[in-house]
Amino acid sequence: VKRTGRGNLEIYSDTLEQARMQLNHIDQALRTADIEAELYPVFQPIIDLKTGEVSAFESLARWQSPTIGAVSPAMFIPVAESLGMIADITKLLFRSSMAEMAHWPATIRLSFNLSAYDVINQGVIHALIEMMLSSQLAPDRFVFEITETALLQDFETARENISLLRRAGAKVALDDFGTGYSSLSHVQSLPLDKLKIDRSFVKDIETNTTSQTIVRSILTLCQGMHMECVAEGAETESQVAFLRAMGCQLVQGYYFAKPMPKERIQPYLAEANNH
Ligand code: C2E
Ligand code: CA
Ligand code: CA
Ligand code: CA
C-alpha cells in the first residue's frame, strides 16, 4: 500500500484497480493463448506413510505465457472459467496427464483436479470417461478431485456426474475438506472415496490444539465412512510426525516434494527407491 496521504478508501480502491487491471491482462493473454503449447501439468507426489512409497501424483496446471510469464492456476483457472475455456483446458490437461501416467508403475494413481464448472458439465465428464476407458490404464488408478463450489451451483447434476465417474471405475475425492459451506452434509449425501484435509489445518498442527482436534475428527470420520484421507501441505518433519501419530496414512506437501515437471518423475522415483 502506497502512502499517498490520501484516505484509506482511496488506497483501497487503488489496490482494487490494480487487481482489476492484472485480471484484465490475464484475460487478454488467455484469450489469445496457444493453450496446447502454453499449458501443461506438473506433478506432486502423495506419500503413503506406511510403505514410504508414492501412492499417487496430483496433476497441477501451469501456464507459461510468452507475453506475461508464469501465471498461477489460482489466478488463471477462474479466468478460464469466466471465458468459457475451462472445458477445453481440462480435457487438454487430462490428456497430457494420462500420457505421463502411462510411464509410471501401475501402483501409482493420478489425482486430477476438476473445476466446479467441469463437475456440472456432463459433456466434459463423458469426454473424460471416454479418454480414461480408451486408454490402457485401469480406471481405479484415477482420482478426480472436486471442491464444494460445484455442489453449491447444481447439486443434483454434480451428484449424477460423480456417480458416472465412479461407475466408470474411477475414485472421487473431496478437496480442501473442512473449508466449505456444508462439508459434513456432502459427506452424508455423496458417494465419495476420499477426503483431502485442507492445508490450513495442517499448517499449525504442532501448536494449535483446535487444528489437532479437527484433523483427528476428520480421520475418524474417514475411518467410519471407509474413505481414504490425504493431509495436504505438510512442510516440516514435525508436521508429518504429528500426522503419522494421529494415524493419517496419506500425506502430500513440500516436505516430501514440490510439484515437479514430468521429466523429474523417473529420477524422483528412482531416488525414492534407493531409500
Ligand atoms: P489445490 O488443488 O488445493 O492444490 C494444492 C496447492 O497447494 C497447489 O498449488 C500445490 O502446489 C500447493 N502445495 C502443495 N504442497 C504444499 C505445501 O507443503 N505448502 C504450500 N504452501 N503449498 C503446497 P497450485 O499448484 O498453485 O494450485 C493452486 C490451486 O489451483 C489448486 O489448489 C487448485 O484449486 C487449482 N488448480 C491447480 N491445477 C488445476 C487444474 O489442473 N485444474 C483445476 N480445475 N484447478 C487446478
Ligand atoms: Ca487438489
Ligand atoms: Ca486442496
Ligand atoms: Ca486449495
Side-chain angles (χ1 to χ4, degrees), residues 26 30 35 38-47 54-64 70-98 100-101 109-121 124-125 128 142-150 153 158 161 171-180 183 192-206 215 218 228-240 242-243 250-262 264:
I26 293 174
L30 193 59
I35 60 168
E38 297 170 29
L39 288 180
Y40 57 95
V42 292
F43 301 94
Q44 187 182 32
I46 298 171
I47 305 297
V54 175
S55 164
F57 283 105
E58 178 177 2
S59 166
L60 293 156
R62 293 293 178 264
W63 177 24
Q64 188 64 43
V71 186
S72 149
M75 295 285 282
F76 76 76
I77 295 284
V79 175
E81 288 172 343
S82 72
L83 289 175
M85 294 172 70
I86 192 67
D88 285 338
I89 287 176
T90 298
K91 286 185 272 184
L92 171 80
L93 290 168
F94 189 62
R95 199 174 302 114
S96 311
S97 300
M98 262 189 358
E100 290 318 309
M101 186 188 175
R109 289 167 168 175
L110 170 72
S111 215
F112 187 81
N113 290 287
L114 295 180
S115 142
Y117 285 72
D118 301 327
V119 180
I120 55 172
N121 181 340
V124 175
I125 299 298
L128 297 178
F142 291 80
V143 181
F144 291 94
E145 299 191 4
I146 64 168
T147 58
E148 286 172 302
T149 323
Q153 290 181 29
N161 285 334
K171 310 281 178 202
V172 176
L174 191 54
D175 206 351
D176 304 340
F177 187 75
T179 61
S183 305
L192 297 166
D193 302 285
K194 203 164 184 158
L195 297 183
K196 295 191 79 173
I197 303 177
D198 192 69
R199 177 158 61 91
S200 55
F201 303 114
V202 174
K203 211 161 67 185
D204 55 3
I205 197 166
E206 298 132 291
V215 170
I218 299 176
E228 289 186 348
C229 193
V230 182
E232 294 191 302
E235 294 185 357
T236 68
E237 190 170 5
S238 123
Q239 286 168 348
V240 174
F242 264 85
L243 291 165
L250 300 170
V251 181
Q252 177 178 11
Y254 292 171
Y255 174 70
F256 295 105
K258 289 193 170 176
M260 60 187 89
K262 60 183 201 283
R264 283 293 310 151

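One is the number of the first residue; the rest follow in order along the sequence. We count ligands from 1, going down the list as the structure has it; atoms in each ligand are counted the same way.
If you check each of Glu232, Arg62, Glu235, Lys258 against atom 20 (C) of ligand 1, the one with the closest non-hydrogen atom is Glu235.
Vertex the Ca ion (ligand 2); arms to Asn113 atom OD1 and Glu58 atom OE2; angle 90° (nearest 10°). Angle OE1(Glu145) to the Ca ion (ligand 2) to OD2(Asp175), rounded to 10°: 90°.
Short contacts between ligand 1 and Glu58, defined as distances under 4.0 Å to a heavy atom of the residue, involve ligand atoms 2 (O), 4 (O). Residue-ligand proximity, Gln44 to ligand 1, at heavy-atom distances under 4.0 Å covers atoms 14 (C), 15 (N). Listed by number with element, the atoms of ligand 1 under 4.0 angstrom from any heavy atom of Asp176 are 3 (O). Of all the atoms in ligand 1, the ones that sit under 4.0 Å from a non-hydrogen atom of Ser115 are 44 (N).
Remark: aromatic rings of Phe94 and Phe112 are close, center separation under 6.0 Å.
Qualifying salt bridge (Lys or Arg N to Asp or Glu O under 4.0 Å) partners for Lys262, counting only residues two or more places apart in sequence or in other chains: none.
Heavy-atom distances between Gln252 and ligand 1 stay at or above 4.0 Å for every pair.
At a heavy-atom cutoff of 4.0 Å, ligand 1 is contacted by the side chain of Ile77 but not by its backbone. Contacts with ligand 1 closer than 4.0 Å are made by no heavy atom of Pro41, backbone or side chain.
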